[in-house]
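Convention: sequence-line order gives letters A, B, ...; per-chain numbering from 1.
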2 protein chains.
Amino acid sequence: MIKKESTMTISEWEIMRIVWTLGEVTSHQLIHIMSKKQLWTPSTIKTLLSRLQKKGFLIHNGAVRDRLYSPTISEHDATSQTLSQTVQMMCTKCVGPALVNVINETTLTKRDITKLISMLENKKITASTSIACNCMPKNQEDLSL
Amino acid sequence: MIKKESTMTISEWEIMRIVWTLGEVTSHQLIHIMSKKQLWTPSTIKTLLSRLQKKGFLIHNGAVRDRLYSPTISEHDATSQTLSQTVQMMCTKCVGPALVNVINETTLTKRDITKLISMLENKKITASTSIACNCMPKNQEDLSL
DNA sequence: CTTTTAAGTCTACAAATGTAAACTATAGAT
DNA sequence: ATCTATAGTTTACATTTGTAGACTTAAAAG
């Protein structure tokens, strides 16, 4: 079966961040936490919760009331996937510089940095000085019309 | 005046990639190119073109007909900005690993790699072993209810 | 046991997005 | 000068998203 590959919206992502942090949450907790932080009413939280379930990002223990909601995907995985998807729609030539920029403005742990450096040192060996732009399919570059 | 900070949608981004590549385009070219690549009709292309103008991402030379559309933002800038925005909605703790992942699966030029490494070497000096998670505002961690 | 509170479900509604047809007017063809 | 193809403009319509009220029902309070 084909994965429907539904994505989280910004608002849904906000909810998920709390769920990820707490592991298991009741709507009660969500409502309490989010109603302060955001300008969301309990209704809105409930709707978001429903949609996240429909999309398969949340499940709950069968309780009829005060059920515990939990994520079906880890925050790390979701983060990686989302970032990958974003990068994939971009021009291969622009991604490098953009990553330089992002990394520059991101706080990283020593561990991450070490990992990145070793990974990059490795890539450096086979890297070329330029990469092809994938902005337009090759065959359609005849614009003479 | 406050920047309206409108964002490009996926479809709009597709159009922009062609515009960025060509620098200046007529709708004619876009229609020709995109109708093959995507399953878009001329109408759809025109709509997207209109919206991109309304959002301020495209302008055109005043021609009444066969006008030339051009971008108001460079592809590099748009790419960087979009990536930054994406990263900003994510948990600071997850961004590092996600970046490791993305960089692993991304083709980079020697130049980019060198830049990244030197930047990282620098960051390494002041980096700590762990960073605070920004998933939930500190004050709202009392979930005792 | 009755009342109240609130969790979960349904319905609502505007704005944004994906997708495109209909209409208008003009540059180029005849 | 008239016709035709089509660039640009309007209108359209289903889905998704942001946001939330209304309704139902069970748990907690009294």
Rounded to whole Å, please give me the gap between CD in B:E12 and P in C:dG18.
6 Å
Without decimals, in angstroms, what is the distance between A:L30 CG and C:dG8 P?
10 Å
What distance separates B:L108 CG from A:S128 OG, expressed to the nearest 0.5 Å?
10.0 Å
Does one hydrophobic cluster hold both B:L99 and A:I117, with members joined at side-chain heavy-atom distances below 4.5 Å?
yes
Is the phosphate of D:dG18, meaning OP1 or OP2, less than 4.0 Å from a side-chain N or O of A:S11?
yes
Write down the distance between CE (B:M34) and C1' (C:dT19), rounded to a whole number of angstrom.
13 Å
Would one find a side-chain N or O of A:S43 under 4.0 angstrom from OP1 or OP2 of D:dA22?
no
Tell me what A:L49 touches on the nucleic acid: a base, only sugar-phosphate, or nothing, going by heavy atoms under 4.0 Å.
nothing
Would you compute the distance between atom CZ of B:R51 and atom CG of B:L58 and round it to the nearest 0.5 angstrom?
13.5 Å
Atom CD1 of A:I15 and atom C1' of D:dG18: how far apart are they, to the nearest Å?
12 Å
Indicate yes or no for a side-chain donor-acceptor contact from A:W20 to the backbone of A:I73 under 3.5 Å, with no hydrogens or angles considered.
yes
Contact under 4.0 Å: A:T44 side-chain N or O vs D:dA20 OP1/OP2
yes
Which sits closer to the 5' end of DNA chain D, A:K46 or B:R51, going by the nucleotide each is nearest to?
B:R51
Would you say the side-chain atoms of A:K123 pair up with the backbone N or O of B:T106, donor to acceptor, closer than 3.5 Å?
yes
Taking any heavy-atom pair under 4.0 Å as a contact, classify B:S50: base, sugar-phosphate, or nothing.
nothing
Is it the case that the side chain of A:K110 and the backbone of B:A127 share a donor-acceptor pair, with hydrogens and angles ignored and the cut-off at 3.5 Å?
yes
Specify the separation, in whole Å, of atom CD1 of A:I31 and atom P of D:dT19.
16 Å
Atom CG of A:L52 and atom C1' of D:dT17 are separated, to the nearest Å, by 12 Å
Give, ordered by number, those residues of residues 53-65 of chain A having at least one heavy-atom distance below 4.0 Å to an atom of DNA chain C; if nothing qualifies, reply none.
A:V64, A:R65
B:I10 CD1 - C:dG18 P separation (whole Å):
7 Å
Can a side chain N or O of A:T9 be found less than 4.0 Å away from OP1 or OP2 on D:dG18?
yes
On the nucleotide D:dT9, are OP1 or OP2 found under 4.0 Å from the side-chain N or O atoms that B:R67 carries?
yes
Regarding B:S50 and B:T47, is there a side-chain donor-to-acceptor distance under 3.5 Å anywhere?
no
Distance check needed: C:dG8 P versus A:D66 CG, whole Å only.
6 Å
With no angle test and no hydrogens, is the base of C:dA20 tied to the side chain of B:T47 by a donor-acceptor pair under 3.5 Å?
yes
Distance-only donor-acceptor test, A:S27 side-chain atoms vs C:dA7 base atoms, 3.5 Å
no
Please check: side-chain N/O of B:R17 versus main-chain N/O of A:N134, any donor-acceptor pairing under 3.5 Å?
yes
